[in-house]
Amino acid sequence: MAYMQETTTNFRKSLDELSALLNSSQRLAIFTGAGISTESGIPDFRSPDGIWTTMAPIQFQDFLDSEEMRRESWRRKFEVDKTIRRAKPNNGHYAVSELVNSKKATAVITQNIDNLHQESGINPEQVIELHGNGTYAKCLNCGAREELIVIKQTFLGRDELPVCEFCGGHIKTATISFGQSMPEQPVRRAHDEALTCDLFLVIGSSLVVYPAADIPMIAKKNGAKLVILNRESTPLDNYADLVISEEIGEILPLSIKNN
Ligand code: NAD
């Protein structure tokens, strides 16, 4: 009973503090990670049931060097997609979309590749994707876009690896693998957001994947307040003005209603 009361008091306190910070912010930057999508049924990276906890990720160089790795990568993609493609945005995504569409924030910076911010009603131009997007594919040589439905038919149906019809380059999902360079323009835009905000809100990220995890500290060092909303502790908790260990879908929508 006493424990439940304490939990409720902690939740209320975090909610009030988050609402107050959101209320007083003139320029908010939002940074999301896999944790915002777990309530949509997409496992995150590091939880015990996480997608890659049991499967080592394929390094970019291995994808380039080995036909077998390219095959393995496509096999995994279509397996993982059975979960990801069914997922719909949840209350956390809708809260973020309200913050962006009400112009409280100009954009959302995300490490996610699941397209759920766009599906929650945010203009795709206001979604800054640091790790790309897993709902389509691209030629690694000329950048031509390729649709997954076409690749699925040839790969699963005829066991053919996709190659670019224009230049013959390797086709890969439009995501950034370990060992692959970060996309220049989204990184520049994310840094601009960090340098111009007065409040930087991290939602559902373990903050251990670099260089993405550098971005909150850029904002903090530039004078912005830093809030971390994450179920587990992160390496940046000591630098944060507010750390909230609650479920995203429970607290974030309420903090906006309070505004
Ligand atoms: P991560 O898995 O390292 O960390 C997610 C964090 O969210 C964890 O610390 C977990 O405790 C927390 N969390 C999970 N559900 C939560 C909830 N409901 N409420 C509060 N906290 C919750 O994720 P990351 O930091 O984004 O890094 C993982 C990398 O893997 C990223 O680069 C991302 O591109 C990729 N990834 C993306 C997806 C996706 O697109 N949905 C899914 C898995 C991994």
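None of the values given here were measured: they were computed from a predicted structure. Read the numbers this way: they start at 1 and go in the same order the structure lists the ligands and their atoms.
- Salt bridge status for Arg188 with Asp192: absent, with no side-chain N to carboxylate O gap under 4.0 Å.
- Summarising the geometry, atom OG1 belonging to Thr38 is positioned 7.5 Å from atom CG belonging to Asn90; distances are rounded to the nearest 0.5 Å.
- Counting only N and O atoms by type, the side chains of Asp62 and Gln59 include no donor and acceptor under 3.5 Å apart.
- Close contacts between ligand 1 and Glu232 involve ligand atoms 8 (C), 9 (O), 10 (C), 11 (O) [criterion: under 4.0 Å to a heavy atom].
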Let me check something: any side-chain donor-acceptor pairs from residues 235-242 under 3.5 Å, sequence neighbours excluded? List them with distances.
| residue | atom | partner | partner atom | Å |
| --- | --- | --- | --- | --- |
| Asp237 | OD1 | Thr234 | N | 3.3 |
| Asp237 | OD1 | Thr234 | OG1 | 2.7 |
| Asp237 | OD2 | Thr234 | N | 3.1 |
| Asp241 | OD1 | Lys220 | NZ | 3.3 |
| Asp241 | OD2 | Lys220 | NZ | 2.9 |
| Asp241 | OD2 | Leu226 | N | 2.8 |

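- With Ser206, Ala212, Ser40 as candidates, the residue nearest to atom 1 (P) of ligand 1 on a non-hydrogen basis is Ser206.
- The distance from ligand 1 to the heavy atoms of Thr38 drops below 4.0 Å at these ligand atoms: 14 (C), 15 (N), 16 (C), 17 (C), 18 (N).
- Relative ring orientation between Trp74 and Phe155 is described as tilted, the plane-to-plane angle lying within the 30° to 60° band.
- Closest of all the heavy-atom pairs between Asn133 and Asn115 is ND2-OD1, 2.9 Å.
- For ligand 1, the polar-atom distance check against Ala34 finds a nitrogen or oxygen pair separated by under 3.5 Å.
- Those atoms of ligand 1 with a heavy atom of Gly204 less than 4.0 angstrom away are 5 (C), 6 (C), 7 (O).
- Residue Glu39 approaches ligand 1 through these ligand atoms, each under 4.0 Å from one of its heavy atoms: 17 (C), 18 (N).
- Around atom 6 (C) of ligand 1, the closest heavy atom drawn from Leu130, Asn230, Leu229, Asn133 belongs to Asn230.
- Using a cutoff of 4.0 Å between basic side-chain nitrogens and carboxylate oxygens, Glu67 and Arg71 are scored as salt-bridged.
- Here is the list of ligand 1 atoms found below 4.0 Å of a heavy atom in Gly33: 26 (O).
- Ring-plane geometry between His117 and His93 is classed as perpendicular, the angle between the planes exceeding 60 degrees on a 0 to 90 degree scale with a lower cut at 30.
- Of the possible donor and acceptor atoms, one in the side chain of Glu39 sits under 3.5 Å from a partner among the backbone N and O of Gly249.
- By the 3.5 Å distance cut-off applied to N or O atoms, Ile248 is counted among the residues near ligand 1.
- The ligand atoms of ligand 1 that sit less than 4.0 angstrom from a heavy atom of Glu247 are 17 (C), 18 (N), 19 (N).
- With a heavy-atom cut-off of 4.0 Å, Glu246 touches ligand 1 through its backbone alone.
- The pair Glu72-Arg75 meets the salt-bridge criterion, since a charged nitrogen lies less than 4.0 angstrom from a carboxylate oxygen.
- Under 4.0 Å from ligand 1, the heavy atoms of Ser37 that appear belong solely to its side chain.
- Only the backbone of Pro43 comes within 4.0 Å of ligand 1, counting heavy atoms alone; no side-chain atom from C-beta on gets that close.
- Contacts with ligand 1 closer than 4.0 Å are made by side-chain heavy atoms of Ile42 only, the backbone lying farther away.
- Ligand 1 places these atoms under 4.0 Å from at least one heavy atom of Val209: 27 (O).
- Counting heavy atoms under 4.0 Å from ligand 1, residue His131 touches it through the side chain alone.
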